[in-house]
Amino acid sequence: MSKRNNKGFSLIELIIAVAVLALLVSPIIAQVFQTIQTSSRAKERQYVVDNANLVIEYFKANSIKDLTFDGDKGDAVTISSPPVSTKVNCEIFDDSGDTGVSVTYDVTDYALSNETLGRENNVYSRTVSMDNLSNKLMEKGYDMRYDVASGEEGELELTSDNTAVKYDSNNHIVAVLAKVRTENYIDPNEASLGNIQDIDATKMAIIKGNAIEMDFQFQKSFVGKLVNIVSKKKKQLIANGTYDYYSDTNNLNEAFDSIRQNNDFYRLIKLSVTAKEDGGEPAYYVVRCDVFYKAQYTFLDDSYNDDFSFTVFNQKFYTDESPDVFFIYEPFIKKTDANYRSYAANDYIRVVSDDYTSGANGKDPSKVYLIKADSTWAEKIVEGRAIDASVAAKEADQYFNYYLTESDGTGVPVNINISQIGDTVSPTLPLQIITNISYMNDGGNRTINSDYRSTSAYQFTTNVPTDSFIPSMDLGLNQTCYAYPGGDSDIHGIEEITYPDGSTKQAITYPLDDKRTEGRLYSITVRYDNTTRPTDATLYFTGAKGAD
């Protein structure tokens, strides 16, 4: 019988085996831990990136006037202290070094509340800077380079955007690598925008009030009326041999042109800006534009007096503030050919508002921009047509945005009647009308001088017209029509609207010089500093405000 060998590992052998195993496994474990740490840092950076995108979008979406410490509304992004504005001087470098040229730009810093991010719950301090450095560089004849390769930055710092810059102790750029521009640049932040801030169809009612949008719709309905008349007179027209002519729609459109020129046609535009109330606050706003026509005419030996009405705009706005109205306006056209348009002598506009949209309850009021949409906004009274000898001899810069009609072979301003529909018991305030159309006759550069026409050559009338030829429109049970401020004592007078807080605004005025900062172009930089691990690199993220 053989003897079993029950000899096991000795202690020395076991120690040696464990040591060898440790030597083999240690690099693997270290690599695993390094991979876990790298993955964790990558995930944390993604958290930072996501948060930076949220911050940038918040700053892009909100008006500068709301980006204040006091203006915080409990949003996802909280501004923790009042913003600080500074002017900074920045040197310009090119490939050859310092150019000796510098620019001064504006920067505003916003300190945000600290944010805890990542699985390790690291705390980050966040600062947002908005500046116009790019604009100032381009205005000076340079473009910031965004294609800098490692090694090209020289004494400057290469950023994650592939720019090369130098920061001061406040993290403001005081030196930048740039290249010479090949085109001239006009800084849009220095341009005057008039009163208009943001022509955005989600915030402002944009209404095209020209013949294509409004009067053409009336023409189609009017021609439809002529079709009905022709149908009723079919036997008579067949008897005199004209039925085939009038049954042709093209010929009826020509008949419309003739009737329009030689008969009495009138138009009234009703602009309504009101709020839908819910619990004492506006749930949303409604902007509506209705157009009413009255046609007194003769066709096929009979006289007619017809009314037409259309809704050309009706939109809800779920905005924090009541929307403005951008109305591209043109009076009713009586006559047109290849070279000339003659308008009806009178046009009528009535504006409807309520306490929420007029400023009566202390909220910012809506405004109506009544815009003459010329390519220059200051063209001659009538393009290519002499009005009379005295006008033809004058300089073109005296002809400032009038709509004219013909009277005895000469041009006179269309009488644009402006009035307001309000509550009979407690009338609301009128909406301010801002227009590039000449609105009064005082001999200034926005009027027809008395040397050209009589002193009664006004474009606007602010009384309440009651003539029978005004197109009829339905008023609410407690509604009536009021003169615009100034119209009670002087039909061409324009006075101020007085608001509950005591402030005043001219009821009808021209676009003012606008130097506000909302809606202008700025670069946005978000800086993240890890306060839990201060040795970690500072992270920067950039965006643009106003660029889209």
Side-chain angles (χ1 to χ4, degrees), residues 209 264-273 289-294 296 307 325 327 329-332 334 343-353 358 360 365 367-370 372 401-405 407 412-444 446-448 450 453-476 478-498 504-510:
D264 294 327
F265 280 28
Y266 307 96
R267 184 184 73 176
L268 185 149
I269 298 168
K270 177 185 174 185
L271 286 173
S272 175
V273 189
C289 179
D290 297 293
V291 189
F292 303 85
Y293 296 86
K294 179 185 284 291
Q296 298 172 341
D307 292 324
V325 178
F327 190 87
Y329 170 76
E330 187 174 22
F332 179 70
K334 281 281 288 182
Y343 300 103
N346 289 276
D347 207 20
Y348 304 89
I349 300 176
R350 289 184 176 171
V351 182
V352 185
S353 60
S358 67
K367 296 181 285 292
V368 175
Y369 296 96
L370 196 63
K372 183 177 188 288
N401 281 358
Y402 264 75
Y403 282 114
L404 295 194
T405 186
S407 177
V412 296
V414 173
N415 192 23
I416 304 174
N417 294 268
I418 301 287
S419 55
Q420 179 200 9
I421 298 173
D423 193 307
T424 304
V425 179
S426 178
T428 56
L429 298 173
L431 299 184
Q432 186 186 36
I433 295 176
I434 299 168
T435 182
N436 63 334
I437 305 168
S438 296
Y439 64 92
M440 60 187 300
N441 181 12
D442 61 2
R446 282 181 165 82
T447 66
I448 292 183
S450 59
R453 302 297 305 165
S454 68
T455 55
S456 62
Y458 292 87
Q459 184 80 92
F460 289 101
T461 299
T462 54
N463 68 335
V464 181
T466 57
D467 305 272
S468 60
F469 53 72
I470 300 173
S472 61
M473 55 177 288
D474 293 329
L475 293 178
N478 294 321
Q479 287 184 330
T480 189
C481 191
Y482 296 93
Y484 246 61
D488 291 326
S489 57
D490 178 1
I491 63 171
H492 299 302
I494 299 170
E495 294 180 355
E496 293 179 332
I497 304 168
T498 302
T504 59
K505 291 182 180 179
Q506 181 110 338
I508 303 176
T509 188
Y510 56 88

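Below, all heavy atoms of this structure are taken into account, side chains as well, without hydrogens, waters or symmetry copies. The shown structure was predicted, so the numbers you read here are calculated from the model rather than taken from an experiment.
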Reported [atom1]-to-[atom2] distance for the pair [X] and [Y], which is rounded to 0.5 angstrom:
X: Thr480; Y: Gln420; atom1: OG1; atom2: CD; value: 10.5 Å
X: Tyr484; Y: Arg350; atom1: OH; atom2: CZ; value: 12.5 Å
X: Lys505; Y: Leu431; atom1: NZ; atom2: CG; value: 10.5 Å
X: Ile508; Y: Ile418; atom1: CD1; atom2: CD1; value: 5.5 Å
X: Leu271; Y: Asp290; atom1: CG; atom2: CG; value: 9.0 Å
X: Lys294; Y: Leu268; atom1: NZ; atom2: CG; value: 11.0 Å

Is there side-chain contact between [X] and [Y], with at least one heavy-atom pair below 4.5 Å?
X: Gln459; Y: Val414; value: yes
X: Val351; Y: Tyr482; value: no
X: Tyr369; Y: Lys367; value: yes

* **Stepwise side chain to side chain contact (heavy atoms under 4.5 Å, CB included) check, Phe460 with Ile437** => CA-CA 9 Å; Phe460 289 101; Ile437 305 168; 4.2 Å; yes
* To do: Give a yes-or-no answer on whether the side chains of Tyr343 and Glu330 include a donor-acceptor pair shorter than 3.5 Å.
  => yes
If I compare all heavy atoms of [X] with all of [Y], which pair ends up nearest, and what's the gap?
X: Ile497; Y: Pro485; result: CG1-CG, 4.1 Å
X: Cys289; Y: Phe327; result: SG-CE1, 3.9 Å
X: Thr462; Y: Gly487; result: OG1-CA, 3.2 Å
X: Thr435; Y: Leu370; result: OG1-O, 2.7 Å
X: Asp347; Y: Tyr329; result: OD2-OH, 2.7 Å
X: Tyr266; Y: Gln296; result: CE1-OE1, 4.1 Å

* Measure from the side-chain N and O atoms of Ser353 to the backbone N and O of Leu429, and report whether any donor-acceptor pair falls under 3.5 Å. => yes
* Asked: Is there a donor-acceptor pair closer than 3.5 Å between any side-chain N or O of Glu495 and the backbone N or O of Ala507?
  -> no
Using distance only, find each side-chain donor-acceptor pair of residues 464-473 under 3.5 Å and give its atom names and separation, not counting sequence neighbours.
none

* Please name all residues satisfying side-chain hydrogen bond (donor to acceptor under 3.5 Å, both in side chains) with Asn415, sequence neighbours left out, ordered by chain then number. => Asn346, Thr461
